[in-house]
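Remember, it's a predicted structure, so these values are computed and weren't measured experimentally. Only this structure's heavy atoms are used, side chains among them; waters, hydrogens and symmetry mates stay out.
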Amino acid sequence: MAEKHRAGVEIMSDSKSARAAGDEQLLSQSGVSALLRGALLRLLESRPDDPVGFLAEHFAHLASEAEDGASERQSVSRALWHLSLAHHSHRSAFNNNVRVAYELLTQGVPRRLSAGGVRGRLYSEMLRCLCSEGGLSGSTAAPLLRLVQSHDYESVPFELFRQGVLTCAVFADYIRKSQCLYAAVASAPDRPAERTLCHAVLSTLREALETADGVDVARYLEASAKISPAKVAQAMAEVQPRAQRHDGPTMDAQEFEDAAAALFIARVRTVT
């Protein structure tokens, strides 16, 4: 009997330990432990007269922030969907979709803030997503985003919003065009292109951009699109004798892309 009693006690003890370990794991994985720890630290720092009321307000504030974050992510997603419905070259439809996206991002914003425009945080996040969905790598998009994005606390009026969206959309198309140009001068997909050939094409691209109207970034794409295969072939022919040996300096695709991107970004002027 004594042995059975001890066995029963051991089984119950093991069961309680397992349950306690499971409970602890649940609290840790769900983030509740960290949440409670943070709340208690804030309580100790503030030492309010009404600790229970303080904790209630603290958790209500956290719940409100979480709800706002989910709502903002949904608004950005819906705005991006509308922007994807028309290419920027279809100017009337694109501008209408930009207006819809703008209004979506101002929904739920306090009237005193929405009157000034979209929150800078939402605007910057949408531009980042727009570049990503356009196929741009983070390193390629970063210099442009630093130029056109806003601070979190700023309000973005419609014209600045439209210009930023258009700039990112055109830039994504421009980079794809540049990648095609690099492929045209590369002797093989797995071999870097000759640097002299790359410089010749970049020079041709620079000349095309300089003919564009600096008021509208869409003109940059129109100008670069006019670089025909014959124009590239001509530029290549002019430097081909220097690149005949195929043993000179080379330029990889990323370096070429960065150089082409810099040509575009240097000419971007945002609305202020």
Side-chain angles (χ1 to χ4, degrees), residues 80 83-84 87-89 124-149 163-270:
L80 288 170
L83 291 175
S84 70
H87 190 264
H88 63 80
S89 60
S124 298
E125 175 63 15
M126 195 200 64
L127 293 185
R128 186 190 65 77
C129 292
L130 192 62
C131 287
S132 178
E133 292 188 0
L136 298 178
S137 66
S139 60
T140 298
L144 178 67
L145 292 176
R146 283 194 294 268
L147 180 64
V148 299
Q149 67 188 6
Q163 185 75 353
V165 169
L166 178 62
T167 299
C168 289
V170 171
F171 185 61
D173 279 357
Y174 169 85
I175 290 299
R176 286 192 290 272
K177 173 68 176 177
S178 300
Q179 292 168 343
C180 291
L181 292 175
Y182 181 83
V185 300
S187 57
D190 59 344
R191 183 184 303 169
E194 295 292 328
R195 182 169 289 271
T196 51
L197 295 178
C198 290
H199 280 307
V201 175
L202 287 170
S203 178
T204 304
L205 185 57
R206 181 185 296 106
E207 291 174 4
L209 291 174
E210 288 174 349
T211 65
D213 181 1
V215 176
D216 191 343
V217 293
R219 300 294 184 187
Y220 296 148
L221 184 64
E222 294 172 6
S224 62
K226 293 177 182 177
I227 302 178
S228 64
K231 186 89 171 179
V232 175
Q234 178 183 354
M236 292 173 62
E238 292 174 355
V239 299
Q240 195 66 42
R242 286 174 284 169
Q244 283 288 348
R245 295 176 299 171
H246 300 290
D247 59 354
T250 60
M251 180 182 295
D252 63 28
Q254 187 60 55
E255 183 181 358
F256 182 89
E257 183 175 314
D258 290 343
L263 293 176
F264 182 99
I265 294 171
R267 289 162 175 76
V268 171
R269 296 293 181 270
T270 58

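- Considering only heavy atoms from C-beta on, Leu83 comes within 4.5 Å of Met126 through its side chain.
- From Arg195, atom CZ reaches atom CG of Asp252 across 8.5 Å, with rounding to the nearest 0.5 Å.
- Rounded to the nearest 0.5 angstrom, Ile265 CD1 and Tyr174 OH are separated by 9.0 Å.
- Contact record, Thr167 with Gln163: OG1-O, 2.7 Å, taken as the closest heavy-atom pair.
- Residue Leu263 holds its CG atom at 11.0 Å from CG of Asp258, rounded to the nearest 0.5 Å.
- The two atoms that bring Met251 and Tyr182 nearest to each other are O-OH, 2.6 Å, heavy atoms only.
- Separating the CZ atom in Phe171 from the CG atom in Leu145 is a distance of 8.5 Å, to the nearest 0.5 Å.
- Scanning both residues, Gln149 and Arg146, for their nearest heavy atoms gives NE2-CA, 4.1 Å.
- Pairing each heavy atom of Pro143 with each of Ser139, the nearest pair is CD-O, 3.3 Å.
- Gly134 approaches Ala172 most closely through the heavy-atom pair O-CB, 3.9 Å.
- Atom-to-atom distance recorded for Asp173:CG and Arg176:CZ is 4.5 Å, nearest 0.5 angstrom.
- Applying the side chain to side chain contact (heavy atoms under 4.5 Å, CB included) criterion to Ser203, with sequence neighbours excluded, gives Arg206, Glu207.
- The two residues Pro249 and Glu194 make their nearest non-hydrogen contact at O-OE1, 3.6 Å.
- Put simply, CG on Leu209 and CZ on Phe264 are 8.0 Å apart, with the number rounded to the nearest 0.5 Å.
- Partners of Glu257 by side chain to side chain contact (heavy atoms under 4.5 Å, CB included), not counting sequence neighbours, listed by chain and number: Ser137, Thr140, Ile175, Gln179, Gln254.
- Residues Leu205 and Lys177 form no side-chain contact, since every pair of their non-hydrogen atoms from C-beta on lies 4.5 Å or further apart.
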